[in-house]
Asks: 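Quick one: this structure, given as structure tokens, is what I'll be asking you about.
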Amino acid sequence: VKVIFEAVSSSATTDSTTSNDDGSFAIGLNDGIYLVHFSKSGYIPYTLPNSFTYAGGSYTISDVTLVLGSIIEVSGRVKGNWSSNFQYRVVDDINVTADDTLVIEAGTNILFMGEYIFEVSGSLIAVGTEEDSIYFTSGQPQRQAGDWQGIKLLESSDYDHALSRVITLQYCDVSFGGNDMPMFYDYKSFNLENLVDSDSNIDQDIFPKVNIYNCHFYNSGSQLFWSGFSRVNIENSTFDGYRSGEAIDIHYAWYANFSNNKVLWSDGVSDYQGLFEFDIYSSSHGYQISKKLEIKNNFFKTRYENGEIYN
């Protein structure tokens, strides 16, 4: 295994070594701050999540296990199946077009290498497991909230398009995004106002929903989750670590079920930032938009010790 110590501070000097058969290695370094990278042909490279400071003496780095696989860089139009045998590195904006479907297997890692956005006009099926989550996160060695933009669901163009779409995230871990937009942004994906006539007798329940199950959204530079004029089903998920706006914001949903979730206050957030907002009435439309809004069995943790809300 090749081990690279990349200089971060001015006093440090980039250097590298190769491990022995048993994985051990030794290297002499100048004092300073380093990023530590591990790589081997046929395996997915790994970088320690925090910088390493060397100031003389001897140090032991915790064991690192590389995973079989390789890297695929992606940009532009994406579709088909993404396998856990690869690490997907997003090197420009990506999008699933209206006629396409992207299926992401359990255990797959998607790393955004810059301030890029993931737009979805078609179908997105990302189903992990309790043991093997799917990760959408920053690809930076030292991750920070706002490293990438987020996942944005675009509006269905017409009745048939809406009926054909599947949007499901289960056991997904979404983090370190939210650069100038909510980290998960459902922009009218199932806006019935533009899909059926106002006097139509069509049963709204025939239309799909945005389904979020057992997911974790955290460390966003702005809101964690925003949905407007859509149909959403959010269950057994956790939301924490946001820097502006509300953690959860659901506006004028045609249907919304928010059940068995945890929404937690974040350190560093202003006293005046809201924890959650659910709007059911639109003054601009002059009527109640939400046909069904169900909020039950959730836990909301506010800034103060007594700020716990169960419903």
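As a basis for the values below, the full set of heavy atoms in this structure was taken, side chains included, without hydrogen atoms, waters or symmetry mates.
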Asks: Could you check whether any side-chain heavy atom of E235 comes within less than 4.5 Å of a side-chain heavy atom of N257, counting everything from C-beta outward?
Replies: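 The answer is yes, as the side chains (C-beta and beyond) meet within the 4.5 Å cut-off.
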Asks: Determine yes or no for a side-chain-to-main-chain donor-acceptor pair under 3.5 angstrom, with T129 supplying the side chain and D132 the backbone.
Replies: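 Pair found, side chain donor or acceptor close to backbone of D132.
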Asks: Any donor and acceptor pair, going by atom type alone, linking the side chain of N236 with main-chain N or O of Y213 inside 3.5 Å?
Replies: no
Asks: Main chain of A98, side chain of S121: is a donor-acceptor contact present, judged purely on distance under 3.5 Å?
Replies: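 It does not hold such a pair.
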Asks: Evaluate side chain to side chain contact (heavy atoms under 4.5 Å, CB included) for L153 paired with V210, printing each intermediate quantity in order.
Replies: CA-CA 9 Å; L153 308 182; V210 176; 3.7 Å; yes
Asks: Are Y185 and W226 near enough that their ring centres are under 6.0 Å apart?
Replies: yes
Asks: If you apply the rule side-chain hydrogen bond (donor to acceptor under 3.5 Å, both in side chains), what do you find for Q223 with E246, and how did you get there?
Replies: CA-CA 6 Å; Q223 292 172 289; E246 295 77 28; 3.2 Å; yes
Asks: Can you check whether L68 reaches N85 side chain to side chain, under 4.5 Å on heavy atoms?
Replies: no
Asks: I'd like to check Y255 versus F207 (side-chain heavy atoms, cut-off strictly below 4.5 Å). Are they in contact?
Replies: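 Not in contact.
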Asks: Can you name the nearest heavy-atom pair linking R165 to G122, along with the distance?
Replies: NE-O, 3.0 Å
Asks: Under 3.5 Å, is there a donor-acceptor pair linking the side chains of N81 and E105?
Replies: no
Asks: Kindly check if the number of other-residue, nucleotide or ligand heavy atoms within 6.0 Å of CD (E130) is above 12?
Replies: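 No - once you tally the heavy atoms of other residues, nucleotides and ligands closer than 6.0 Å, there are 12 at most.
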Asks: Under the criterion side chain to side chain contact (heavy atoms under 4.5 Å, CB included), I'd like the reasoning laid out for Y252 against F278: C-alpha separation, chi angles, the key distance, then a yes or no.
Replies: CA-CA 8 Å; Y252 323 130; F278 301 104; over 6 Å; no
Asks: Taking the side chain as C-beta and beyond, is there a heavy-atom pair between T168 and V127 under 4.5 Å?
Replies: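 The answer is yes, as the side chains (C-beta and beyond) meet within the 4.5 Å cut-off.
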Asks: Is S156 reaching over with its side chain to a backbone N or O of F190, donor-acceptor style, under 3.5 angstrom?
Replies: no
Asks: F184 vs F217 aromatic rings, parallel, tilted or perpendicular, using cut-offs 30° and 60°?
Replies: perpendicular
Asks: Kindly determine whether N179 and F112 satisfy side chain to side chain contact (heavy atoms under 4.5 Å, CB included), including the steps that lead there.
Replies: CA-CA 12 Å; N179 185 310; F112 290 80; over 6 Å; no
Asks: Would you please test S189 and D186 for side-chain hydrogen bond (donor to acceptor under 3.5 Å, both in side chains) and show each step?
Replies: CA-CA 6 Å; S189 57; D186 174 16; 2.6 Å; yes
Asks: Please name the pair of heavy atoms, one in S237 and one in C215, separated by the smallest distance, quoted to 0.1 Å.
Replies: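 In terms of heavy atoms, the two residues are closest at OG-N, 2.9 Å.
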Asks: If you look at every heavy atom in I44 and L66, which pair is closest and at what distance?
Replies: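 Heavy-atom minimum between the residues: O-CD2, 3.8 Å.
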Asks: Would you say N298's side chain and K296's backbone share a donor-acceptor pair under 3.5 angstrom?
Replies: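 Yes, N298 side chain to K296 backbone: donor-acceptor pair under 3.5 Å.
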Asks: Closer than 3.5 angstrom, by distance alone: can the side chain of R143 be matched with the main-chain N or O of T137 as a donor-acceptor pair?
Replies: no
Asks: Answer yes or no: does atom CG of D22 have more than 12 heavy-atom neighbours from other residues, nucleotides or ligands under 6.0 Å?
Replies: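 Correct, the count exceeds 12.
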Asks: Side-chain heavy atoms under 4.5 angstrom apart, residues restricted to Ile, Leu, Val, Met, Phe, Trp, Tyr: same cluster for V74 and I71?
Replies: no
Asks: Less than 4.5 Å apart, any side-chain heavy atom of I234 and any of I250?
Replies: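 Touching, per the 4.5 Å side-chain cut-off.
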Asks: Kindly work out whether a path of hydrophobic side-chain contacts (I/L/V/M/F/W/Y, heavy atoms less than 4.5 Å apart) joins L124 to Y116.
Replies: yes
Asks: Would you say T108 and Y88 make side-chain contact, with heavy atoms under 4.5 Å?
Replies: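 They are in side-chain contact.
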Asks: Look at the side-chain heavy atoms of Ile, Leu, Val, Met, Phe, Trp and Tyr, link any pair under 4.5 Å apart, and say whether I33 and V36 land in one connected group.
Replies: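 I33 does not cluster with V36.
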Asks: Among Y135, F136, W82, find the residue that satisfies the side-chain contact (heavy atoms from CB on, under 4.5 Å) test when tested with N109.
Replies: Y135
Asks: If only atom types and distance count, is the side chain of Q87 paired as donor or acceptor with the main-chain N or O of I110 below 3.5 Å?
Replies: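 No; judged by distance alone, with no hydrogens or angles, the pair does not exist.
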Asks: Should I248 and F300 count as side-chain neighbours, where that means a heavy-atom distance under 4.5 Å?
Replies: no
Asks: Do the two ring centres, one from F239 and one from F276, sit under 6.0 Å apart?
Replies: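 Between F239 and F276, the centre distance exceeds or equals 6.0 Å.
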Asks: Strictly by ring pair (Phe, Tyr, Trp, His ring centres under 6.0 Å), give each pair with a member in residues 24-52 just once, sequence neighbours left out.
Replies: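 Matches after skipping sequence neighbours: F52-Y59.
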Asks: Whether the side chain of T13 engages the backbone of N30 through a donor-acceptor N/O pair (distance < 3.5 Å, no angle test) should be reported.
Replies: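 Side chain of T13 to backbone of N30: no pair is present.
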Asks: Specify the closest pair of heavy atoms between D100 and T97, including all atoms of both residues, with the distance to one decimal.
Replies: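 For D100 versus T97, the nearest heavy atoms are OD2-OG1, 2.7 Å.
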Asks: For D173 and Y218, does a side-chain donor sit closer than 3.5 Å to a side-chain acceptor?
Replies: yes
Asks: List the atom of S138, the atom of W148, and the distance in Å for their closest heavy-atom pair.
Replies: N-NE1, 3.8 Å
Asks: Determine, stepwise, if the pair F118 / V90 fulfils side chain to side chain contact (heavy atoms under 4.5 Å, CB included).
Replies: CA-CA 9 Å; F118 181 10; V90 180; over 6 Å; no
Asks: If you count every heavy atom of other residues, nucleotides or ligands that lies below 6.0 Å from E115 atom CD, does the total exceed 12?
Replies: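 At most 12 heavy atoms, drawn from other residues, nucleotides or ligands, come within 6.0 Å of this atom.
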Asks: Under a 3.5 Å distance rule, please check whether S123 uses its side chain to pair with a backbone N or O of V166 as donor and acceptor.
Replies: yes
Asks: Where the side chain of N261 meets the backbone of S259, is there a donor-acceptor pair that is under 3.5 Å apart?
Replies: yes
Asks: If hydrophobic clusters are built from ILVMFWY residues whose side chains come within less than 4.5 Å, do V120 and L102 share one?
Replies: yes
Asks: Would you name the heavy atoms of I134 and A106 that are closest together and state the gap between them?
Replies: CG1-CA, 4.0 Å
Asks: Are there over 12 heavy-atom neighbours, none belonging to N20, within less than 6.0 Å of that residue's CG?
Replies: yes
Asks: For a 4.5 angstrom cut-off between non-hydrogen side-chain atoms, does I212 reach V232?
Replies: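 They are not in contact (no side-chain heavy atoms under 4.5 Å apart), so the answer is no.
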Asks: Is the number of heavy atoms from other residues, nucleotides or ligands under 6.0 Å of Y187 OH greater than 12?
Replies: no
